[in-house]
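Structure record follows, encoded as structure tokens.
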Amino acid sequence: MRARTILLQVCLLAATASMAQYRAIPLNQGGNNKARVYDDTLFVATNNGIFSYPIESKGSTWAAYAFEGRAVYDFVKSGSGILAVCDDNGRRVVLVTGDKGKTFSDITPSDISACMPLSYVGLTLRDMPDSPSHVFMVYPTDEGGKTVTTMRETRDFGGHWNVVGKADPYAGAFAVSETDARHIFVYGMNPEVNCLCPYILETRDNFLSLTNVPFDIDGEQATQDPAHSTSLILNSVRFCPGKDDVLLAATSEGMARSDDGGLTWHFTTDEKVDGYTYKGFDRMLFDSGNPQAVYSFRHSVTDGGLYNVELYYSDDCGESWHKVYKSPGYASPVINMLQSGRKLLFVSNDGVFMLDLTDANVLSPTSVNTINTQMPRLHDAVYDVQGRKVGTARRNSIYIHNGKKIIMN
């Protein structure tokens with residue numbers, strides 16, 4: 001009877017916590033694109049301009065911020081200055097403004113390719129961690145009938161641009177060291193071969209040189225040979241803060257970690273979690289207040305075709321993970337995960353929602369609603385409700401085992 005009472009109390013606590021943690025902040029402007037946080041304000045580029053939302057203010061509402069009525073795909077901000085990738089009669093252009101788009105200058109590179117291949121990610125802006133005025137512009141150019149990537153760099157927020165390289169042919173994403181902005185990993189998929197062929201390139205001198213990283217994950221060598229391709233996709237790669245040789249990767253096969261500068265990787269999540277056959281993780285984010293804490297998420301799809309976000313948390317730089325939250329369903333998957341103070345923000349194409357990290361239940365597996373009374377095997381990993389691994393479990397106490405609540409009775 002006592003165990004049933006405890007079980008009921010935990011169920012009520014989990015349901016209450018889930019309601020308190022989650023807050024939807026709908027934004028209906030024809031589709032959401034890139035999102036960023038500046039000074040406790042969420043900015044979202046939409047198909048109808050950039051909109052802002054003051055995160056910490058009571059009674060906050062969305063407000064039109066810049067380039068109202070114009071589709072904006074990407075942007076970066078420094079003070080009152082905005083660099084934005086916008087639509088101009090079906091053509092993507094780069095505009096710079098100091099008055100929220102009332103007046104602007106078109107700084108689209110003259111050598112940008114007029115026709116981008118479908119496999120190419122297109123025109124993007126990459127802000128660097130050392131300064132808000134330090135930005136890369138990445139775009140395709142034509143050379144001898146072949147599309148190559150050109151990277152331009154500005155250190156004064158668009159006042160002057162320098163071409164820094166054409167070495168990466170596939171416009172991969174950046175993973176930038178927080179201790180040295182010259183140290184960058186470029187990663188992605190090779191679109192020129194008929195296979196799932198991930199690649200990692202590395203520069204330590206701001207693209208004066210860019211070398212291939214011949215990496216393997218759990219002993220499986222990455223290759224550009226279709227005959228020996230893998231099912232692995234690199235969705236997100238990040239340096240562990242302050243550790244230039246330690247990296248994490250959210251992949252289609254799970255979360256992976258490297259302790260030797262990206263040469264070898266090992267998976268740190270099980271192949272199946274809670275019975276789902278899809279193992280992949282989509283994005284990751286290091287906590288701004290704790291360099292060892294990191295969040296990542298995967299999607300699960302409901303019977304009705306909606307996307308749930310399943311949030312995972314690690315407090316040891318990705319060596320171990322536990323699931324801490326599952327969101328309501330959205331019509332499209334989340335494309336941005338950001339942090340502002342103690343809040344996590346999730347932006348999909350059709351919605352925005354926020355989780356409050358000051359609620360102790362968010363970073364505790366108590367928000368996982370499934371409870372299991374089966375006793376685990378003695379050698380299995382068991383955690384307390386704060387996510388700490390325990391060696392000895394006490395009876396009539398609540399623990400987490402394989403992402404589920406259990407009561408030792």
Side-chain angles (χ1 to χ4, degrees), residues 33-37 45 73-78 83-85 94 109 119-141 148-155 157-158 161-191 198-213 215 222 233-251 256-258 261-263 265 281-286 288 294 296 318 335-339:
N33 301 310
K34 192 70 177 183
R36 300 182 188 274
V37 171
Y73 305 107
D74 196 2
F75 73 99
V76 290
K77 187 175 178 293
S78 178
L83 288 168
V85 178
V94 182
S119 60
Y120 201 87
V121 298
L123 178 59
T124 60
L125 300 170
R126 320 278 177 91
D127 52 344
M128 304 298 282
D130 56 335
S131 167
S133 297
H134 187 189
V135 180
F136 277 81
M137 184 193 309
V138 182
Y139 61 96
T141 55
V148 298
T149 299
T150 294
M151 291 178 286
R152 294 193 181 212
E153 179 185 32
T154 179
R155 293 182 178 270
F157 204 71
W161 294 89
N162 296 311
V163 175
V164 294
K166 298 186 178 183
D168 171 26
Y170 313 127
F174 284 7
V176 185
S177 166
E178 292 190 0
T179 60
D180 182 2
R182 300 171 302 173
H183 187 192
I184 302 170
F185 277 78
V186 184
Y187 62 94
M189 305 298 293
N190 183 346
Y199 70 91
I200 299 177
L201 307 173
E202 181 181 23
T203 179
R204 291 179 177 267
D205 52 19
N206 203 50
F207 292 103
L208 290 175
S209 60
L210 189 63
T211 58
N212 180 61
V213 179
F215 68 97
I233 299 173
L234 297 172
N235 292 320
S236 180
V237 176
R238 294 289 182 270
F239 285 87
C240 284
K243 299 179 180 180
D244 268 18
D245 288 332
V246 181
L247 298 103
L248 298 184
T251 83
R257 171 171 159 146
S258 172
L263 291 174
W265 300 75
F281 285 78
D282 297 289
R283 297 286 186 274
M284 79 179 84
L285 175 70
F286 279 90
S288 58
V294 59
S296 187
I335 54 177
N336 293 276
M337 176 173 62
L338 308 101
Q339 183 179 7

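From Glu202, atom CD reaches atom NE2 of His183 across 3.5 Å, with rounding to the nearest 0.5 Å. Expressed to the nearest 0.5 Å, how far OH of Tyr139 lies from CG of Leu123 amounts to 9.0 Å. Atom CD1 of Ile184 and atom CZ of Arg204 lie 12.0 Å apart (nearest 0.5 Å). Interatomic distance, CG of Asp130 versus OG1 of Thr179, reported as 11.0 Å (0.5 Å rounding). Within the model, atoms CD1 of Ile233 and OH of Tyr187 stand 13.0 Å from one another, a figure rounded to the nearest 0.5 Å. Put simply, OG1 on Thr141 and CE on Met151 are 10.5 Å apart, with the number rounded to the nearest 0.5 Å.
The shortest heavy-atom contact between Val213 and Leu263 is CG1-CD2, 4.0 Å. Residues Pro129 and Val176 share a closest heavy-atom pair of CD-CG1, 3.6 Å. Between Asn212 and Leu201 the shortest heavy-atom distance is CA-CD2, 3.7 Å. Summarising the geometry of Gly262 relative to Phe215, their closest heavy-atom pair is O-CB, 3.1 Å, with the distance given to 0.1 Å. The shortest non-hydrogen separation linking Leu248 to Phe286 is CD1-CZ, 3.6 Å.
With Thr149 contributing its side chain and Pro140 its backbone, the two residues share no donor-acceptor pair below 3.5 Å. Side-chain atoms of Asp180 come within 3.5 Å of backbone atoms of Arg182 as a donor-acceptor pair (strictly under, hydrogens ignored). Under the 3.5 Å distance criterion, the side-chain polar atoms of Asn336 are left unmatched by any main-chain donor or acceptor of Arg36. With hydrogens and angles ignored, the 3.5 Å screen pairs a side-chain donor or acceptor of Ser296 with a backbone N or O of Arg283.
Between Thr150 and Val163, the closest side-chain pair of non-hydrogen atoms falls below 4.5 Å. Taking the side chain as every heavy atom from C-beta outward, Leu234 and Phe185 never approach each other to under 4.5 Å. Between Met337 and Asp282 there is no side-chain heavy-atom pair separated by less than 4.5 Å. Using a 4.5 Å heavy-atom threshold, the side chains of Val37 and Gln339 count as separate. Between Phe174 and Thr124, every side-chain heavy-atom pair lies at or beyond the 4.5 Å cut-off. Looking at Leu83 and Met137, their side chains never come closer than 4.5 Å, going by heavy atoms from C-beta outward. Taking 4.5 Å as the limit, every side-chain heavy atom of Trp161 sits out of range of all side-chain heavy atoms of Val94. You'll find the side chain of Phe239 reaches within 4.5 Å of the side chain of Leu247, heavy atoms only.
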Problem set entry | Step-by-step side chain to side chain contact (heavy atoms under 4.5 Å, CB included) determination, Val85 to Leu125 | CA-CA 8 Å; Val85 178; Leu125 300 170; 3.9 Å; yes

Problem set entry | Criterion side chain to side chain contact (heavy atoms under 4.5 Å, CB included) on Asn235 and Phe281, from CA distance to verdict | CA-CA 7 Å; Asn235 292 320; Phe281 285 78; 6.0 Å; no

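The aromatic ring centres of Phe207 and Phe136 sit less than 6.0 Å apart.
Ionic pairing of Arg126 and Asp74 is not present here: no N-O contact between side-chain nitrogen and carboxylate oxygen is shorter than 4.0 angstrom.
Looking at Ser177 and Asp244, their side chains do bring a donor and an acceptor atom within 3.5 Å of each other.
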